[in-house]
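Quick note: residue numbers are just sequence positions, from 1.
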Amino acid sequence: MNKTRTAALAALALALPVAAACGGDDDGAVTLRYAFWDDNQRPALEAMIAAFNEDHPDIEVELEQNPWDDYWPGLDSQFAAENAPDVFWNHVSRFPTYADNGVLLPLTDFIEEDGVDPSIYPENLYDSWRFEDDQYGLPKDWDSIAMVYRLDALEAAGIDPATVNDLEWNPVDGGTYVEFLQKLTVDADGDNALSPDFDPENVVQYGTAMASSTGQTDWWNYAVQNGCSLQTEPWGDYAIDAPECVEAIQFTADLYNRWHVAVPAESTNQPNGGIPGDYVVPGQAATTLDGSWMLSFYRDGLEPGTWAVADNPSGPAGSGSVINGLSNAIYAGTEHPDEAWELVKFLGSEEVQAIATEMGSVWPGVSSLNEGFADYWAEQGIDVTGFQTAAEGTTIGYPLSMNDAAFGTAALDEFNQVWLGQKDAQEAAEAVVEIANAE
């Protein structure tokens, strides 16, 4: 270990006294704890860890999985107790605060000394894990949002799937997108939402399902399609009270309450409501805008050839999606930084990310593997290029902010009321901005 890295770790040790974050056996073997939240990705992770153990037989990796809503409170408690996992999935919403609080190990020296080539990753994805001139993660994957839909529902409604990529919406009359969802929303008597006999109180299939604790898989995408920037600039103030943002929020509310084409918010409002796939898989909803990380969920729940993926509808500013990605990060208090780095470096390599790619787990962080991921799904009878098409439209990154926690809490409370038809969209947006920007 060189002097720079030794000095850095010594400084961290002084700033952050640690308990045992991982174990070591008497025979010299090391045990690393590796935390993640998505059980859909467990098979790929286990395959990647098995490959790691072939090269590093003296490093055992213990997987610790907790669902999203439990993962972050648990991780925060482990940081406070100085007993966090050695390596863990990190999200850009948490990254700024974690980097600023010193609980992440800087990877800059490791990367330079081992000659890791950052150019194998998309530049904006790699740079999203940089804070004050240090790198704190290697890209694990990337994701976008696209439309998942049931082919049987479209067939029953007489809709040609070839038209799905050409849908448009506007905040005035909803456009062809709302008309599409109205055709797919059917009551118990078989009348769709375009019929004068339609009964919105007795719906057996909705056109869409929406559910998001942040907005990432619902209104954020309508926002970007309407020319809204969630922030004034990266790391800047939230700006969702701007007219183009409020229009998108109101459009989302209208899908629930004006056009009655979305599974009611009483069922989907987070954190206790169901996720969109819970309604699409059993046929209670015909479509949803969902993240590419959910592909395995639909594969496991639906028969091949019964579902497909399309680009998002276009709004007044065009098509587009929120782009995001995860990284593998190292806890600053790990007792085995070199071994933890070996794991992170291994998981970030093209050779190893190819394992996840070939299993159809997630879009890989390594750019050269994108086509391989699409090819896997094509072999399953599913064209997933809608996620790529969405990513090539008008996009924004997941907001980078030190105030993400305040924003998320306020947005969940305020917009849950908007989706229920209990609060004005403009009033809610202004309340969220005031709370988040005051932090």
Side-chain angles (χ1 to χ4, degrees), residues 69 72 91-97 145 169-175 177-178 208 210-262 264-266 268-273 289 312-313 315-318 320-324 394-439:
D69 288 335
W72 300 108
H91 191 279
V92 290
S93 64
R94 305 287 173 148
F95 164 61
T97 300
I145 311 301
W169 70 268
N170 66 72
V172 179
D173 63 16
Y177 176 53
V178 166
T208 192
M210 302 184 293
S212 175
S213 58
T214 61
Q216 184 182 2
T217 58
D218 50 34
W219 73 267
W220 284 7
N221 299 282
Y222 298 130
V224 75
Q225 294 156 16
N226 201 44
C228 163
S229 297
L230 301 177
Q231 293 174 285
T232 55
E233 60 183 350
W235 305 95
D237 286 342
Y238 290 96
I240 63 167
D241 55 346
E244 57 271 23
C245 303
V246 174
E247 280 186 344
I249 296 166
Q250 183 60 56
F251 175 75
T252 306
D254 286 345
L255 294 176
Y256 289 112
N257 305 312
R258 176 182 174 187
W259 291 300
H260 306 288
V261 295
E266 288 88 349
T268 59
N269 268 356
Q270 298 298 295
N272 299 316
L289 303 189
N312 297 311
S321 167
V322 176
I323 302 295
N324 185 36
T394 303
T395 62
I396 59 173
Y398 198 104
L400 282 168
S401 173
M402 291 291 184
N403 301 334
D404 176 80
F407 174 83
T409 300
L412 184 62
D413 177 59
E414 293 291 330
F415 294 131
N416 273 353
Q417 297 177 69
V418 176
W419 311 151
L420 290 168
Q422 298 172 352
K423 195 159 191 175
D424 175 73
Q426 180 74 52
E427 181 184 355
E430 290 174 355
V432 173
V433 166
E434 182 178 359
I435 292 169
N437 290 345
E439 289 294 315

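- We find the CG-CD distance between Asn416 and Glu266 to be 10.5 Å, quoted to the nearest 0.5 Å.
- Here the two rings, on Tyr398 and Trp220, have centers that are under 6.0 Å apart.
- Residues Val246 and Ala429 share a closest heavy-atom pair of CG2-CB, 4.0 Å.
- Distance check: Phe415 CZ to Asp218 CG gives 10.0 Å after rounding to the nearest 0.5 Å.
- For Asp413, there are no side-chain hydrogen bond (donor to acceptor under 3.5 Å, both in side chains) partners two or more places apart in sequence or in a different chain.
- The distance from the CD1 atom of Ile396 to the CD atom of Gln231 is 8.5 Å, given to the nearest 0.5 Å.
- Here the closest non-hydrogen pair linking Pro313 and Leu289 is CD-CD2, 4.2 Å.
- Residues Ala253 and Val418 approach most closely at CB-CG1, 3.8 Å, considering heavy atoms.
- A donor-acceptor contact shorter than 3.5 Å links the side chain of Thr217 to the backbone of Ala211.
- Between Asn324 and His91, some side-chain heavy-atom pair lies under the 4.5 Å cut-off.
- For the atom pair OG1 of Thr232 and CG of Asp237, the computed distance is 5.0 Å after rounding to the nearest 0.5 Å.
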Would you check, one step at a time, whether the test side chain to side chain contact (heavy atoms under 4.5 Å, CB included) holds for Val432 with Ile240? CA-CA 8 Å; Val432 173; Ile240 63 167; 3.8 Å; yes

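- When side chains are defined from C-beta on, Phe407 does not count as touching Pro399, because their heavy atoms never get closer than 4.5 Å.
- Looking at heavy atoms from C-beta onward, Gln250 lies out of side-chain contact with Pro171 at the 4.5 angstrom threshold.
- For the pair Ile249 and Ala425, the tightest heavy-atom approach, listed with the atom from each and the gap, is CG2-CB, 3.9 Å.
- One finds the OG1 atom of Thr409 at 11.5 Å from the CG atom of Asn403 (value rounded to the nearest 0.5 Å).
- Side-chain contact between Pro96 and Trp235: present, with at least one pair of heavy atoms (C-beta onward) separated by less than 4.5 Å.
- Proximity of Thr252 to Trp419: side-chain heavy atoms (C-beta onward) are separated by under 4.5 Å at one or more points.
- Relative ring orientation between Tyr222 and Trp169 is described as perpendicular, the plane-to-plane angle rising above 60° on a 0-90° scale split at 30° and 60°.
- For the residue pair Glu247 and Asn226, a side-chain donor N or O sits within less than 3.5 Å of a side-chain acceptor on the partner.
- With a 4.5 Å cut-off on side-chain heavy atoms, Leu400 and Val92 count as touching.
- Using modelled atom types, one side-chain atom of Asn170 and one backbone atom of Asp173 make a donor-acceptor pair closer than 3.5 Å.
- Residues Thr214 and Ser93 are not in side-chain contact: their nearest non-hydrogen atoms beyond the backbone lie 4.5 Å or more apart.
- Between Asn437 atom CG and Asp241 atom CG the span is 8.0 Å, to the nearest 0.5 Å.
- Paired with Tyr256 under the rule side chain to side chain contact (heavy atoms under 4.5 Å, CB included), one option of Thr268, Thr208, Leu420 passes, and it is Thr268.
- Taking every heavy atom of both residues into account, Pro271 and Asp69 meet most closely at O-OD2, 4.0 Å.
- For Gln270 (side chain) and Gly273 (main-chain N/O), a donor-acceptor pair under 3.5 Å exists by modelled atom type.
- In terms of heavy atoms, Gly320 sits closest to Val224 at C-CG1, 3.9 Å.
- Residues satisfying the salt bridge (Lys or Arg N to Asp or Glu O under 4.0 Å) criterion with Asp254, sequence neighbours excluded, are Arg258.
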